[in-house]
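Take a look at the structure below.
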Amino acid sequence: MITAEQAGTFSRCMTVGGVAVFGADTVYGLACEPGNKEAVRRLYALKHRAPVKPAAIMFFDVRLALAALPEQGPRTRLAMEGLLPGGVTLLLPNPAQRFPLACRGQPDTLGVRVPALTDASIALTAVRWPILQTSANLSGEAEARTVEAVPTSIRDAVDLVLDAGPLPGTSSTVIDLRRYESESAWTVIREGAVGRDAVAAVLG
């Protein structure tokens with residue numbers, strides 16, 4: 001279980017350029033401050049992630065996500081409110097080209113997560129700033145549903161590990177909303193923690 005004190009330590013770790021392992025709602029993740037180039041480089045290196053692959057930005061409160069992305073249109077904002085928090089990653093248009101270190105070669109697209117925190121991780125709602133995050137496994141290998149399943153090479157090299165207990169172990173569902181504002185069009189790119197029918201119930 002993640003305590004309030006640990007959540008505070010997590011926030012401080014992000015602000016000083018640290019990299020952390022943490023448990024949220026689907027699988028264990030790696031996190032760092034989205035604007036810190038060295039922290040992002042470390043995170044990618046620990047995971048052996050290809051530099052061209054984008055990562056998602058996670059907020060711990062949907063209101064913070066909406067406030068940070070004011071350029072999203074009314075239809076997209078309603079979709080965000082309907083789907084978040086939850087086990088989904090939303091691919092949103094990014095006309096302001098925010099969080100460039102997460103977007104990599106796709107500056108006009110931003111992946112956004114707001115986890116549905118359980119009692120074991122609810123203290124993370126105190127984290128008021130976004131993080132860059134990806135799953136805490138070596139690239140191409142299985143995601144970790146427990147801290148012990150995170151590779152030792154990662155756990156030993158990060159600055160902080162937050163144990164939220166066993167997680168479901170299914171990655172987030174990735175939903176493309178880049179044409180939702182103009183065309184009401186959406187696509188499930190990867191089905192995971194949230195089924196397509198549940199997505200359709202919100203988006204139509």
Side-chain angles (χ1 to χ4, degrees), residues 7 10-11 13-15 17 19-20 22 24-27 29-37 39-40 43-44 49 52-117 121-122 124-135 171-194 196 198-204:
F10 180 82
S11 290
C13 179
M14 297 298 97
T15 61
V19 177
F22 73 106
D25 61 339
T26 55
V27 298
L30 277 168
C32 71
E33 206 282 318
N36 187 309
K37 290 183 180 180
V40 174
L43 181 149
Y44 269 66
R49 188 173 181 83
V52 297
K53 288 189 175 182
I57 296 297
M58 178 177 282
F59 298 83
F60 292 101
D61 187 317
V62 66
R63 295 168 295 181
L64 298 176
L66 292 167
L69 305 171
E71 64 278 359
Q72 299 302 320
R75 181 177 291 168
T76 303
R77 294 174 78 83
L78 283 173
M80 292 171 68
E81 290 174 340
L83 292 166
L84 302 173
V88 297
T89 299
L90 305 182
L91 300 184
L92 302 177
N94 189 22
Q97 298 192 350
R98 300 183 189 277
F99 304 106
L101 296 180
C103 299
R104 298 291 157 159
Q106 303 176 48
D108 296 323
T109 298
L110 180 65
V112 172
R113 282 270 283 127
V114 180
L117 299 174
S121 56
I122 195 67
L124 290 173
T125 56
V127 178
R128 310 309 292 170
W129 304 103
I131 60 169
L132 183 148
Q133 66 89 39
T134 185
S135 55
S171 296
S172 62
T173 295
V174 180
I175 307 166
D176 188 344
L177 293 180
R178 288 173 291 184
R179 294 188 296 126
Y180 191 71
E181 191 67 33
S182 59
E183 304 173 31
S184 296
W186 58 276
T187 305
V188 172
I189 302 296
R190 179 188 73 194
E191 191 163 342
V194 177
R196 184 182 181 87
V199 176
V202 174
L203 299 179

Test item: Thr173 side-chain N/O and Gly192 main-chain N/O as donor-acceptor pair under 3.5 Å: yes

Residues Thr89 and Ser172: side-chain donor-acceptor under 3.5 angstrom: yes

Any donor-acceptor N/O pair, Arg49 side chain to Pro54 backbone, under 3.5 Å: yes

Separation of Cys103 SG from Ile57 CD1 (nearest 0.5 Å): 7.0 Å

Nearest heavy atoms of Val114 and Ala65, plus distance in Å: CG2-CB, 4.1 Å

Verdict with supporting geometry, Lys37 and Leu101, side chain to side chain contact (heavy atoms under 4.5 Å, CB included): CA-CA 7 Å; Lys37 290 183 180 180; Leu101 296 180; 3.8 Å; yes

Residue pair Pro107 / Asn94: nearest heavy atoms and the distance that separates them: O-ND2, 3.0 Å

Validation row: Trp186, Asp176 side chains within 4.5 angstrom (heavy atoms): no

Closest heavy-atom pair and its distance - Ala24, Pro115: CB-CB, 3.9 Å

Rounded distance (nearest 0.5 Å) linking atom CD of Glu33 with atom CH2 of Trp129: 10.0 Å

Verdict with reasoning, Val112 to Phe59, per side chain to side chain contact (heavy atoms under 4.5 Å, CB included): CA-CA 8 Å; Val112 172; Phe59 298 83; 4.2 Å; yes

Met14 CE to Gln133 CD distance, which is reported to the nearest 0.5 Å: 11.5 Å

Under 3.5 Å: donor-acceptor pair, side chain of Thr125, backbone of Ile122: yes

Nearest-0.5 Å distance that lies between atom CG in Leu69 and atom OG1 in Thr76: 10.5 Å

CG-CE distance between Leu64 and Met58, expressed to the nearest 0.5 angstrom: 13.0 Å

Whether Phe60 and Phe22 hold their rings parallel, tilted or perpendicular, with breakpoints at 30° and 60°: perpendicular

Lys/Arg N to Asp/Glu carboxylate O, Asp25 vs Arg113, below 4.0 Å: yes

Side chain to side chain, Leu30 and Thr134, heavy atoms closer than 4.5 Å: yes

Smallest separation among heavy atoms of Ala79 and Val202, with atom names: O-CG1, 4.5 Å

Pairwise side-chain contact, Val40 with Asn36, heavy-atom cut-off 4.5 Å (strictly under): no

Side chains of Leu92 and Arg178 in contact at under 4.5 Å (non-hydrogen atoms): no

Main-chain N/O of Ser184 paired with Arg179 side-chain donor or acceptor, under 3.5 Å: no

Donor-acceptor contact below 3.5 Å, side chain Arg75 vs main chain Gln72: no

Closest heavy-atom pair and its distance - Gly87, Ala193: O-CB, 3.7 Å

Nearest atoms (heavy-atom pairs only) where Val27 meets Ser135: CG2-CB, 4.1 Å

Over-ring placement of Arg104 relative to Tyr44, 6.0 Å and 45° cut-offs: yes

Gap between atom CD1 of Ile175 and atom CZ of Arg196 - 0.5 Å precision: 9.5 Å

Any donor-acceptor N or O pair under 3.5 Å, side chains Arg190, Ser171: no

Residue pair Leu110, Leu91: steps toward the side chain to side chain contact (heavy atoms under 4.5 Å, CB included) verdict: CA-CA 6 Å; Leu110 180 65; Leu91 300 184; over 6 Å; no

Residue pair Glu191, Val174: steps toward the side chain to side chain contact (heavy atoms under 4.5 Å, CB included) verdict: CA-CA 7 Å; Glu191 191 163 342; Val174 180; over 6 Å; no

